[in-house]
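Note sheet for the following structure.
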Amino acid sequence: MRGGKILAYSAAIYASWSQTASAITLDTTSSSSIKSASSTIAYGMMKYYTGNNTGDTPGNLPDPYYWWEAGAMFGIMVDYWYYTGDTTYNAVVKQALLSQIGTNDDYMPTNQTKTEGNDDQGFWGMAAMTAAEEKFEDPSSDYPGWLALAQAVFNTMAARWDDTTCGGGLRWQIYTFNSGYTYKNSIANGCFFNIAARLARYTGNSTYADWATKTWNWMEGVGLISDDYAVYDGSSDTDNCSTIDHVQFSYNQGIYLFGAAMMYNYTNGSSTWKARTTGLLNGTSIYFKDDVMYEQACENVKTTAGTCDTDQQTFKAFLSRWMAATSKIAPWTAASILPLLTTSAAAAAAQCDGGTDGVTCGEHWTAGSTWDSSYGVGQQMSALSVVQSLLVDSAPELVTNTTGGTSVGNSAAGSGDDSSSVGTLSTITNADRAGAGVLTAVVIAGVLGGVGFMVTGA
């Protein structure tokens with residue numbers, strides 16, 4: 001049974017996790033300073049993880065953090081190793097990523113039955129894809145490879161593509177009884193697009209590229225990606241997606257940016273994908289104030305005291321990691337991206353001066369060194385992601401099957417049939433609380449009622 005093998009990983013996990021720290025200082029020109037700051041922030045984030053405590057489930061975060069956020073966190077911890085070379089957390093990260101794969105090896109674990117959405121599964125699938133691209137330590141032969149896990153997620157999502165309404169697209173939820181089932185949103189489709197584009201580059205298989213193109217065309221056609229490359233949140237199929245929720249979140253912009261950059265790379269510099277990458281990159285400008293990244297939809301909403309909810313507090317982590325990765329895979333973007341990451345990293349580090357330890361990270365990077373008294377996994381994750389991204393220039397290239405990749409794949413993974421690369425329809429679950437971070441009930445009510453969406457804070 002997998003359980004015994006998974007638990008066996010835990011013996012050495014916390015062996016060297018204790019450290020003392022004072023207020024974080026960051027010299028953005030010094031790799032040793034960046035690594036030191038990243039180490040301090042990573043330690044602060046991993047203190048929230050309880051999956052190795054007796055009686056807890058490996059891979060899960062405690063309340064109020066949902067399952068998707070754990071997958072995102074461990075993906076960023078793969079990045080942490082990739083950027084810094086620090087192996088301190090590798091055992092726990094590997095344990096977590098393997099403990100949640102489920103009985104069908106597709107990140108549909110029984111502990112998430114009836115509570116998992118397309119975006120939730122997608123974040124775990126992207127974490128596995130990151131592990132393959134960055135050559136994170138491969139699982140033993142008793143487990144599927146990182147590539148196979150990403151392929152399984154792709155196949156189960158491809159089987160859920162829904163042409164019955166809105167001309168296609170993925171629903172946010174899969175079970176009809178879940179709130180959000182009628183919502184077709186950018187993050188669910190963005191996870192699918194992102195994974196498809198990355199699989200196309202990694203494997204060279206044009207089927208993945210075809211699906212990435214199909215998803216992009218659907219997003220444009222329905223109006224969720226505008227003519228000027230703004231990425232909007234979603235639409236309801238109850239009116240055949242004729243009404244768009246125009247709220248914009250940074251992770252939606254980032255997930256399509258990196259996917260488009262991957263397609264640019266896969267197509268050896270297609271002018272179409274270069275234009276799309278450029279447009280999406282230009283569209284990130286609304287997420288910067290004085291060259292410092294911020295979540296414009298909620299950080300400055302006066303009615304909520306400028307506070308984003310638990311999900312939204314993670315979003316800058318994804319925009320920063322995908323901007324950094326874009327600069328790697330489409331190098332002509334680096335001149336625009338790296339200065340913004342540098343100013344944002346300095347501001348994020350300055351916000352990491354709160355709490356009883358003096359290095360707890362806050363949410364509002366635009367507030368400088370005046371800690372905003374907020375704290376949590378999202379705040380730590382966002383700060384870690386942007387600070388460690390300053391090491392992107394010196395990081396190894398993202399590999400493929402033909403450039404040193406070692407991850408074992410299975411094009412039929414997740415299908416339940418070794419002869420099919422798409423597979424049969426798999427059921428997902430509810431995510432009122434899932435990674436879309438748009439407060440489903442409010443969103444759906446706003447779309448159905450034709451009323452503009454107002455972001456509410458935690």
Self-check item: Check: S38 and L384 side chains under 4.5 Å, non-hydrogen atoms
Solution: yes

Exercise. Rounded to the nearest 0.5 Å, what's the gap from OG1 on T333 to CG on L257? Could you check?
Key: 7.5 Å

Quiz item: Between atom CG of N194 and atom CE of M126, what is the distance when rounded to the nearest 0.5 Å?
Solution: 5.5 Å

Quiz item: Do T87 and E137 touch side chain to side chain, with heavy atoms closer than 4.5 Å?
Solution: no

Quiz prompt | Side-chain donor-acceptor contact under 3.5 Å, T115 with Q112 | solution = yes

Exercise. Could you tell me which residues satisfy side chain to side chain donor-acceptor pair (under 3.5 Å) with D27, sequence neighbours excluded, listed by chain and number?
Key: T29

Exercise. Give the minimum heavy-atom separation between A324 and S389, together with the two atoms involved.
Key: CB-CB, 3.6 Å

Practice problem: Check for a donor-acceptor pair, side chain of T342 on one end and backbone N or O of L338 on the other, with a separation under 3.5 Å. | Solution: yes

Quiz item: What closest approach, in Å, do W172 and G180 show between heavy atoms, and which atom pair accounts for it?
Solution: CB-O, 3.6 Å

Practice problem: Inspect the contact between E299 and K316 and indicate whether a charged nitrogen and a carboxylate oxygen are less than 4.0 angstrom apart. | Solution: yes

Quiz item: Any idea how Y65 and Y48 line up, ring-wise: parallel (<30°), tilted (30 to 60°), or perpendicular (>60°)?
Solution: perpendicular

Quiz item: Just by modelled atom types, is the M293 backbone N or O under 3.5 Å from a matching donor or acceptor in the S344 side chain?
Solution: yes

Self-check item: Test item: K328 side-chain N/O and A334 main-chain N/O as donor-acceptor pair under 3.5 Å
Solution: no

Exercise. For F74, enumerate each residue passing the ring-ring contact (aromatic ring centres under 6.0 Å, His included) test, keeping only those at least two apart in sequence or located in another chain.
Key: Y49

Quiz item: Do Y80 and S39 have side-chain heavy atoms sitting under 4.5 Å apart?
Solution: yes

Quiz prompt | Flag, side chain of T326 to backbone of A261, donor-acceptor distance under 3.5 Å | solution = no

Quiz item: When you measure from the side chain of Q380 to the backbone N and O of V377, does any donor-acceptor pair fall under 3.5 Å?
Solution: no

Exercise. Starting from the C-alpha separation in whole Å, work towards a yes-or-no answer on side-chain contact (heavy atoms from CB on, under 4.5 Å) for Y202 and V399.
Key: CA-CA 7 Å; Y202 194 99; V399 300; 4.0 Å; yes

Exercise. Run the ring-centre check on Y287 versus Y294 and record whether the distance is less than 6.0 Å.
Key: no

Self-check item: Any side-chain donor near an acceptor of the partner, Y208 and Q151, under 3.5 Å
Solution: yes

Quiz item: Under 4.5 Å between any side-chain heavy atoms of L147 and N401, yes or no?
Solution: yes

Quiz item: Between D353 and I24, is any pair of side-chain heavy atoms under 4.5 Å apart?
Solution: no

Exercise. May I have the step-by-step check of side-chain contact (heavy atoms from CB on, under 4.5 Å) for E295 and E363, ending in yes or no?
Key: CA-CA 9 Å; E295 197 61 43; E363 174 185 347; 5.9 Å; no

Self-check item: Interatomic spacing from NZ in K35 to CG in L26 - rounded to 0.5 Å
Solution: 14.0 Å

Quiz prompt | Separation of E69 CD from D311 CG (nearest 0.5 Å) | solution = 6.5 Å

Exercise. Check for a donor-acceptor pair, side chain of Q312 on one end and backbone N or O of D309 on the other, with a separation under 3.5 Å.
Key: yes

Quiz item: Do you know which two heavy atoms are closest between G122 and V153, and how far apart they sit?
Solution: CA-CG1, 4.3 Å

Quiz prompt | Pairing residues for C191 by the disulfide (SG to SG under 2.5 Å) criterion, not counting sequence neighbours | solution = none

Quiz item: Looking only at atom types and distance, does a side-chain atom of D290 sit under 3.5 Å from a main-chain N or O of V292, one as donor and one as acceptor?
Solution: no

Exercise. Using ring-ring contact (aromatic ring centres under 6.0 Å, His included) as the criterion, list what pairs up with Y232, not counting sequence neighbours.
Key: H246

Quiz item: Would you say the side chain of Q248 lies within less than 4.5 Å of the side chain of V231, judging by non-hydrogen atoms?
Solution: no

Quiz item: Any side-chain donor-acceptor pair under 3.5 Å between W67 and Q100?
Solution: yes

Exercise. Evaluate the ring planes of F123 and Y251, with Trp represented by its six-membered ring, and classify them as parallel (under 30°), tilted (30 to 60°) or perpendicular (over 60°).
Key: parallel

Quiz item: side chain to side chain donor-acceptor pair (under 3.5 Å) between N252 and S186: does it pass, once the steps are laid out?
Solution: CA-CA 6 Å; N252 281 330; S186 293; 4.8 Å; no

Quiz item: So which of D119, D162, D233, D245 actually passes salt bridge (Lys or Arg N to Asp or Glu O under 4.0 Å) with K184?
Solution: D162

Quiz item: Would you call the rings of F136 and W146 parallel, tilted or perpendicular if under 30° counts as parallel and over 60° as perpendicular?
Solution: tilted

Quiz prompt | pair F258-I329: side-chain heavy atoms closer than 4.5 Å | solution = yes

Practice problem: Could you tell me whether a side-chain N or O of T314 sits under 3.5 Å from a main-chain N or O of T310, the two making a donor and an acceptor? | Solution: no

Quiz item: Got a sec, which residues hit ring-ring contact (aromatic ring centres under 6.0 Å, His included) with W371, two or more places apart in sequence or on another chain?
Solution: none

Quiz item: Take atom CZ in F288; do more than 12 heavy atoms of anything else shown fall under 6.0 Å from it?
Solution: yes

Practice problem: Search all heavy atoms of R171 against all heavy atoms of A188 and return the closest pair with its distance. | Solution: O-CB, 3.9 Å

Quiz item: Backbone N or O of M381 within a donor-acceptor pair of the S385 side chain at under 3.5 Å?
Solution: no

Practice problem: Could you tell me which residues satisfy ring-ring contact (aromatic ring centres under 6.0 Å, His included) with Y107, sequence neighbours excluded, listed by chain and number? | Solution: W124

Quiz item: Should M323 and L281 be marked as a side-chain contact (heavy atoms from CB on, under 4.5 Å) after you check the CA-CA gap, both sets of side-chain angles, and the distance that decides it?
Solution: CA-CA 8 Å; M323 287 181 72; L281 180 56; 4.2 Å; yes

Exercise. Take the angle between the ring planes of F154 and F192 and call it parallel below 30°, perpendicular above 60°, tilted in between.
Key: parallel

Quiz item: Are the side chain of N189 and the backbone N or O of L170 linked by a donor-acceptor pair below 3.5 Å?
Solution: yes

Quiz item: Going through the distances and angles, do T156 and D106 end up as a side chain to side chain donor-acceptor pair (under 3.5 Å)?
Solution: CA-CA 8 Å; T156 56; D106 57 3; 5.3 Å; no

Practice problem: Enter the distance from E133:CD to T403:OG1 here, rounded to the nearest 0.5 Å. | Solution: 10.0 Å

Quiz prompt | Distance in Å, T215 OG1 paired with F193 CZ, rounded so as to fall on 0.5 Å steps | solution = 7.5 Å

Quiz item: What closest approach, in Å, do V247 and A297 show between heavy atoms, and which atom pair accounts for it?
Solution: CG2-CB, 4.1 Å

Self-check item: Minimum heavy-atom distance between I255 and W322, given as atom pair plus value
Solution: N-CE3, 3.3 Å

Quiz item: How far apart are the C-alpha atoms of Q379 and D372, what are their side-chain angles, what is the distance that settles it, and do they pass the side chain to side chain donor-acceptor pair (under 3.5 Å) test?
Solution: CA-CA 11 Å; Q379 292 89 329; D372 63 7; over 6 Å; no

Practice problem: Let me see the working for V386 and L341 under side-chain contact (heavy atoms from CB on, under 4.5 Å), right down to the final yes or no. | Solution: CA-CA 6 Å; V386 73; L341 293 180; 4.2 Å; yes

Quiz item: Would a 4.5 Å heavy-atom cut-off, applied to side chains only, mark Y82 and P396 as touching?
Solution: yes

